[in-house]
Amino acid sequence: MRVEIWSDIACPWCYVGKARFTKGLADFAHRDEVEVVFRSFELDPNSPKGRVEPVLELLAKKYGRTLDEARGMEEHVAASARAEGLTYRTEGRDHGNTFDVHRLLHLAAARGRQEELLDLAYRANFAEERSVFDPEVLVALAVEAGLDGDEARAVLADDSAYAAEVRADEREAAELGANAVPFFVLDRRYGISGGQPAEVFTRALEQAWAGREVIEPVPGTGSEAGACEPDGACAVPQA
């Protein structure tokens, strides 16, 4: 079975959703026969390259909130992340164009190190004071993931490198009807949207494995099924 996951490194629910999917997969009897592929999805593709702004200020401006209210929004997501054993900083994070991150993830996929780099990038963005919008930080993360630093630096220096692969992923997402991430596709037959609870993923894997014709969408419960939309807005479900 192949599971494809469309996500963006700037999406907090993708960070949480990946952790939940990993737990759900661990409880699936045929987990060793599942191939997981990560696909590109930019929440804010029109964000100018090189422009970085603090996340709290961005949220306050986008939703017409005060900085304290924006901080409260972040704390809500942080609570969900911490419940999954993830570290989540609500202060000091920044936001920018993620196209270069996706291009580097495609290099990592070609070298068999995609998930390693993705996990490091998530950790840098949400848990550490390391900006994934700094090319030198990206190169350092690539090296930590087992990639060649010079090759990673060359990819970042060439705007066309792996650009077609990123765009192809984004076209496929549109064709599949993905309008929010994370978005999970099982064997190109069944789709699950949002950072669902781990048990939802386990059940979906079991149903897909059994070859059922239809999987009914499983709604999230309370704060357990957040998602981020293409304009960069991340829903914060209320219990």
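Numbering starts at 1 and runs along the sequence shown.
With hydrogens and angles ignored, the 3.5 Å screen pairs a side-chain donor or acceptor of R31 with a backbone N or O of A26. Listed for the R39 side chain is no donor-acceptor partner under 3.5 Å among the backbone atoms of E170. Side chain of N125 to backbone of I9: a donor-acceptor contact under 3.5 angstrom is found. A donor-acceptor pair is defined here as one N or O able to donate and one able to accept, closer than 3.5 Å; no such pair exists between the side chain of D94 and the backbone of P54.
With hydrophobic clusters built from ILVMFWY side chains whose heavy atoms lie under 4.5 angstrom apart, L86 shares a cluster with L25. Note: the hydrophobic cluster containing Y15 also contains F133 (ILVMFWY, side chain heavy atoms under 4.5 Å, direct or indirect links).
Applying the salt bridge (charged side-chain N to carboxylate O under 4.0 Å, His left out) test to pairs two or more places apart or on separate chains, those with a residue in residues 171-180 are E172-R188. The ring pair (Phe, Tyr, Trp, His ring centres under 6.0 Å) contacts involving residues 142-181 comprise nothing, where partners must be two or more places apart or lie in separate chains.
Residues forming a salt bridge (charged side-chain N to carboxylate O under 4.0 Å, His left out) with D68 (at least two apart in sequence, or on another chain): R71. Every side chain to side chain contact (heavy atoms under 4.5 Å, CB included) that A173 has, sequence neighbours left out, goes to W6, F41, A178. For the salt bridge (charged side-chain N to carboxylate O under 4.0 Å, His left out) test, no residue two or more places apart in sequence or in another chain qualifies with E57. Applying the side chain to side chain donor-acceptor pair (under 3.5 Å) rule to E151 yields the partners R111; only residues at least two apart in sequence or on another chain are considered.
The one candidate from S7, P12, C14 that meets the side chain to side chain contact (heavy atoms under 4.5 Å, CB included) condition with C228 is P12. When the options Y122, F126, W13 are evaluated for a ring-ring contact (aromatic ring centres under 6.0 Å, His included) with Y88, the one that passes is F126.
Residues A204 and L186 approach most closely at O-CD2, 3.6 Å, considering heavy atoms.
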